[in-house]
Student: 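First, the structure itself, so that you have it in front of you.
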Amino acid sequence: MVSLAELNPQQAEAVRHLGTPLLVLAGAGSGKTRVITHKIAWLVGACGLPARRILAVTFTNKAAREMRQRAAALCHGAQARGLTVCTFHALGLQILRHGAREAGLRPGFSILDTQDVLHLIRELIQGGDAVDTDSLRAAISAWKDAGVDPDRALREAEDEQAAHAARLYARYERQLRACNAVDFDDLIALPVRLLHEQPALLEHWQQRSGHLLVDEYQDTNAAQYTLMRLLVGVGHGLTVVGDDDQSVYAWRGARPENLRHLQRDFPGLKVIKLEQNYRSTGRILAAANGLIARNTHLFEKRLWSALGPGDPIRVLPCKSPEHEAERIVSDLLRLRLRYADDWGNYAVLYRSNHQSRPLEQALREHGIPCRVSGGTSFFSHSEVKDLLAYLRLLTNPEDDAAFLRVVNVPRRHIGPGTVERLAAYAGERGVPLLQACGEFGLRERLPADAHRRLTRFAEWVEEARHRAHAEPPQAVFRYLLAELDYEDWLRDTSTSPAQAERRIARVGELAAWIGRMAGDEQTEGKDLEAIIGHLALVDLLDRNEDERARDAVQLMTLHAAKGLEFPHVWIAGMEEEILPHHANREGTGLEEERRLAYVGITRAQRHLTLSYCTSRPRAGETVDCTPSRFLRELPAESIEWHEPGSPAAQARVRETGRAHLSNLRSLLQP
DNA sequence: TATTGTTGCATTTTT
DNA sequence: TGCAACAATA
């Protein structure tokens with residue numbers, strides 16, 4: 001039996017509440033994950049609900065992973081079997097796989113990531129005016145989120161530009177279906193359609209979600225909200241946990257108003273507020289409250305802390321990003337000397353990824369281990385994308401995007417000219433590129449040698465597909481590497497031996513992952529197809545335990561930091577144009593930026609330091625920067641400004657830092 | 001026609 | 001910095 005003794009009264013009430021849908025308004029650091037995991041354990045242990053009928057949904061893989069572990073620990077092992085904890089997109093994928101035929105997809109359908117989608121759009125508009133491909137992608141994405149199909153998008157288009165985008169949307173959809181592929185938005189939109197149209201499937205999935213728990217509810221977008229409502233149906237097994245002050249994904253379609261819709265759509269809704277913060281000292285909380293009070297609110301919350309006031313929040317003015325990085329590192333070393341705690345207790349946060357560079361460099365120069373997360377994803381490396389594209393092609397021969405990616409990698413002397421004619425031919429005939437390679441009609445359109453290379457490639461793929469059916473995924477991957485001479489290819493195309501080694505290491509990591517997935521308990525019986533589908537959604541670095549276990553200073557964006565906490569936190573680049581970001585300086589955009597700052601501040605447990613630069617290079621030129629308005633919005637009494645000392649003083653600080661560090665090192669490693 | 005080198009560009013946040 | 005479009009070579 002799970003114990004509620006370690007919960008405060010509000011948390012315990014949220015865990016015990018059953019019978020009507022529940023909204024938990026959980027302020028930062030108020031123990032929301034605790035509530036969800038205890039509730040899962042409560043449902044299983046005290047209410048006897050089978051774990052297989054519980055669905056817990058999060059937005060990131062990291063959050064899902066952590067929740068799964070914590071829930072399993074509370075459930076005493078075996079009881080947790082069959083429990084589903086995953087992201088919205090992974091759930092959508094499950095539903096879609098289950099009803100692929102009904103959704104008009106053939107088995108082995110591919111998932112295109114944002115990059116693939118951009119390439120596809122670029123192909124579709126080639127020759128047209130130089131419109132911004134990314135804004136077209138965003139428009140299509142918004143339509144899908146709103147459940148608007150291409151016809152309706154065209155009917156409702158207000159100007160020629162919108163009509164143009166809507167026509168592209170139609171062609172884009174046709175192309176996706178022809179390739180037997182879906183994009184990220186489809187992973188939500190198609191299941192919604194499926195459950196609307198197929199009563200039997202709806203029944204099945206409603207059975208599966210005897211109780212649905214949604215974490216970070218403020219991040220749901222319209223389509224996800226619809227999916228959630230469909231799953232709950234007329235049942236009452238719904239617990240959502242969220243905080244409108246931490247809604248920072250409006251740009252991705254998140255609708256904090258969904259908090260209000262909940263009251264409209266679920267009349268018996270019970271609302272419980274968690275207002276005690278267990279994370280931060282009084283001053284940090286006062287700063288956070290002072291800042292967020294400037295936003296308009298759906299629900300009033302008053303966060304309080306029983307911890308003491310703690311140290312003041314420090315503000316470090318700096319001359320340049322490099323200077324900023326230096327100051328942060330000295331500051332970090334100072335605290336580390338005082339507390340002699342793990343590097344993992346230190347985090348430096350920033351608005352956008354490119355800010356990580358000087359910080360990473362400064363940390364490395366001081367020999368401080370650091371981990372940059374959220375930056376370039378494992379999947380954005382070309383070697384990983386190429387190999388995954390090969391695997392996609394093996395499981396889905398209709399995947400034209402994958403075909404185009406690998407047809408000439410490694411070099412097969414099949415260039416743009418040949419591919420263009422192949423695509424034209426395949427387009428006329430309405431067949432996938434791979435299939436078109438072998439057709440007779442193509443022969444007349446191409447020089448003999450080009451045609452021969454294409455057929456050879458196609459035959460090779462067929463051969464490999466043959467193997468892929470018979471062999472386990474690991475073996476297929478090894479075969480692929482051997483056939484392609486992939487290591488040699490990497491060595492040839494890398495700019496330095498060191499780079500080649502890194503890329504080869506990544507391939508090894510991918511191989512290890514495929515091996516683990518194929519043999520893993522949870523994914524047992526999963527074939528290559530299932531693994532590839534899953535890999536598209538999961539970032540390996542997120543799930544790489546070695547990487548996570550490493551004791552290192554954490555560098556990450558404010559977005560990536562949501563849901564995490566650290567004893568010592570720095571937020572770099574507290575400047576106008578950066579935070580708030582120049583594109584979001586007014587209206588709702590500004591409020592979102594303020595929430596982002598709020599999220600950053602509330603990550604800190606004991607020490608918080610904010611820094612800004614007075615100048616920084618932008619687009620080649622050095623520009624002057626002004627401190628962020630958010631600094632002025634913080635209560636002055638909890639803040640301390642630290643102007644940089646004289647250059648000599650700075651050097652002295654650095655030197656003592658280094659000396660202490662080497663002392664420490666010699667003590668630790670004799 | 002494929003590949004390589006060069007220049008010129010812009011850079012938010014992520015499933 | 002990394003990338004996409006373009007020009008020059010094999």
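Only this structure's heavy atoms are used, side chains among them; waters, hydrogens and symmetry mates stay out. Throughout, protein chains are lettered first and strands after them, A, B, ... in sequence-line order, and every chain is numbered starting at 1.
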Student: By side chain to side chain donor-acceptor pair (under 3.5 Å), which residues pair with A:Tyr350, not counting sequence neighbours?
Tutor: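 Side chain to side chain donor-acceptor pair (under 3.5 Å) list for A:Tyr350, sorted by chain: empty.
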
Student: Quick check: on DNA chain B, is the nucleotide nearest A:Arg421 upstream (toward 5') of the one nearest A:His354, or the reverse? Name the residue that is more 5'.
Tutor: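 Of the two residues, A:Arg421 wins.
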
Student: Assuming nearest nucleotide by heavy-atom distance, tell me which of A:Ile414 and A:Glu593 is located more 5' along DNA chain B.
Tutor: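 This one resolves to A:Ile414.
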
Student: In this structure, how many angstroms lie between the P atom of B:dT11 and the OH atom of A:Tyr350, rounded?
Tutor: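 Distance, rounded to whole Å: 19 Å.
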
Student: What does A:Arg453 touch in the nucleic acid at a heavy-atom separation under 4.0 angstrom: a base, only the sugar-phosphate, or nothing?
Tutor: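 If one applies the 4.0 Å heavy-atom cut-off, A:Arg453 turns out to touch nothing in the nucleic acid.
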
Student: For A:Leu112 and B:dT15, give me the distance from atom CG to atom P, rounded to whole Å.
Tutor: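 After rounding, the reported distance stands at 17 Å.
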
Student: Does A:His559 have its ring centroid less than 6.0 Å away from the ring centroid of A:Tyr249?
Tutor: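 Yes: the rings meet the under 6.0 Å criterion.
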
Student: Is there a side-chain polar atom (N or O) of A:Asn353 under 4.0 Å from OP1 or OP2 of B:dT11?
Tutor: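 False: A:Asn353 side-chain N/O out of range (4.0 Å or more) of B:dT11 OP1/OP2.
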
Student: Measure CG/A:Leu454 against P/B:dT1 and give the value in whole Å, please.
Tutor: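 Between P of B:dT1 and CG of A:Leu454: 13 Å.
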
Student: How long is the line joining CD of A:Gln115 and C1' of C:dC3, in whole Å?
Tutor: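 Between C1' of C:dC3 and CD of A:Gln115: 10 Å.
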
Student: Base, sugar-phosphate, or nothing: which does A:His89 touch, judged by heavy atoms less than 4.0 Å apart?
Tutor: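 Since a base atom lies under 4.0 Å of A:His89, the category is base.
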
Student: Which nucleotide in the list C:dA4, B:dT13, B:dT15 gets nearest to the side chain of A:Arg252?
Tutor: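 Side chain of A:Arg252 sits closest to B:dT15.
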
Student: Just wondering, are more than 12 heavy atoms of other shown residues or ligands nearer than 6.0 Å to CZ in A:Arg629?
Tutor: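 Yes, because the 6.0 Å sphere around CZ of A:Arg629 holds more than 12 heavy atoms from other groups.
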
Student: Tell me which nucleotide among B:dT3, C:dA5, B:dT13 gets nearest to the side chain of A:Arg122.
Tutor: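 Shortest atom-to-atom distance from the side chain points to C:dA5.
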
Student: Does the structure show A:Trp251 stacking with B:dT13, if we require the centres to be closer than 5.5 Å and the planes to be within less than 30 degrees of parallel?
Tutor: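 Stacked: centres under 5.5 Å apart, planes under 30°.
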
Student: Take the protein atom CG of A:Asp219 and the nucleotide atom C1' of B:dT14, then report the distance between them rounded to whole Å.
Tutor: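 Going from A:Asp219 (CG) to B:dT14 (C1'), I get 11 Å.
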
Student: Is there a side-chain contact between A:Asn408 and the phosphate of B:dT3, meaning an N or O under 4.0 Å from OP1 or OP2?
Tutor: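 Yes, A:Asn408 has a side-chain N/O under 4.0 Å of OP1/OP2 on B:dT3.
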
Student: If you look at every strand shown and take non-hydrogen atoms under 4.0 Å, does A:Thr418 touch a base, only sugar-phosphate, or nothing?
Tutor: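 Sugar-phosphate, no base atom in range.
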
Student: Without decimals, in angstroms, what is the distance between A:Glu577 CD and B:dT11 P?
Tutor: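 Nearest whole value for this atom pair: 15 Å.
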
Student: With sequence neighbours left out, which residue pairs that include part of residues 181-192 of chain A fulfil the side chain to side chain donor-acceptor pair (under 3.5 Å) condition?
Tutor: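 Applying side chain to side chain donor-acceptor pair (under 3.5 Å) to every pair that reaches into residues 181-192 of chain A, excluding sequence neighbours, yields A:Ser141-A:Asp185, A:Lys144-A:Asp183, A:Lys144-A:Asp186, A:Tyr172-A:Asp183, A:Arg177-A:Asp186.
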
Student: Taking only residues at least two apart or on different chains, which pairs with a member in residues 403-424 of chain A satisfy ring pair (Phe, Tyr, Trp, His ring centres under 6.0 Å)?
Tutor: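 Every pair satisfying ring pair (Phe, Tyr, Trp, His ring centres under 6.0 Å) with a residue in residues 403-424 of chain A: A:Phe403-A:Phe457.
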
Student: Taking N or O atoms only and anything under 3.5 Å, show me the protein contacts with nucleotides 4-7 of chain B, one pair per line.
Tutor:
from	atom 1	to	atom 2	distance (Å)
B:dT4	OP2	A:Arg411	NH1	3.2

Student: Sticking with atom P, work out how far C:dA4 lies from B:dT13, rounded to a whole angstrom.
Tutor: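 Going atom to atom, P in each nucleotide, I get 16 Å.
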
Student: What is the distance, rounded to the nearest whole Å, between atom CG of A:Leu590 and atom C1' of B:dT13?
Tutor: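 In whole Å, B:dT13 C1' lies 16 Å from A:Leu590 CG.
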
Student: Heavy atoms from C-beta onward define the side chain here; which of C:dT1, B:dT14, B:dT3 lies closest to that of A:His413?
Tutor: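 Output: B:dT3.
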
Student: Do other residues, nucleotides or ligands put more than 12 heavy atoms under 6.0 Å from the CZ atom of A:Arg445?
Tutor: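 More than 12 within 6.0 Å, yes.
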
Student: Under 4.0 Å, counting only non-hydrogen atoms across every strand here, what does A:Tyr249 touch: a base, just sugar-phosphate, or nothing?
Tutor: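 The answer is sugar-phosphate, as A:Tyr249 gets under 4.0 Å only of primed atoms, P, OP1 or OP2.
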
Student: Quickly work out the A:Ile95 CD1 to B:dT15 P distance and round it to whole Å.
Tutor: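 One finds 19 Å between P of B:dT15 and CD1 of A:Ile95, rounded.
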
Student: Any side chain to side chain donor-acceptor pair (under 3.5 Å) pairs touching residues 484-493 of chain A, not counting sequence neighbours?
Tutor: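 Of all non-adjacent pairs touching residues 484-493 of chain A, those that pass side chain to side chain donor-acceptor pair (under 3.5 Å) are A:Glu487-A:Arg491, A:Arg491-A:Glu501.
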
Student: Any side-chain N or O of A:Thr114 below 4.0 angstrom from OP1/OP2 of B:dT15?
Tutor: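 No.
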
Student: In chain order, what residues pass the side chain to side chain donor-acceptor pair (under 3.5 Å) check against A:Gln94, with sequence neighbours excluded?
Tutor: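 Partners of A:Gln94 by the side chain to side chain donor-acceptor pair (under 3.5 Å) criterion come out as none, since no residue qualifies.
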
Student: Using a heavy-atom cut-off of under 4.0 Å over every strand shown, decide if A:Asp185 touches base, sugar-phosphate, or nothing.
Tutor: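 Touches nothing.
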
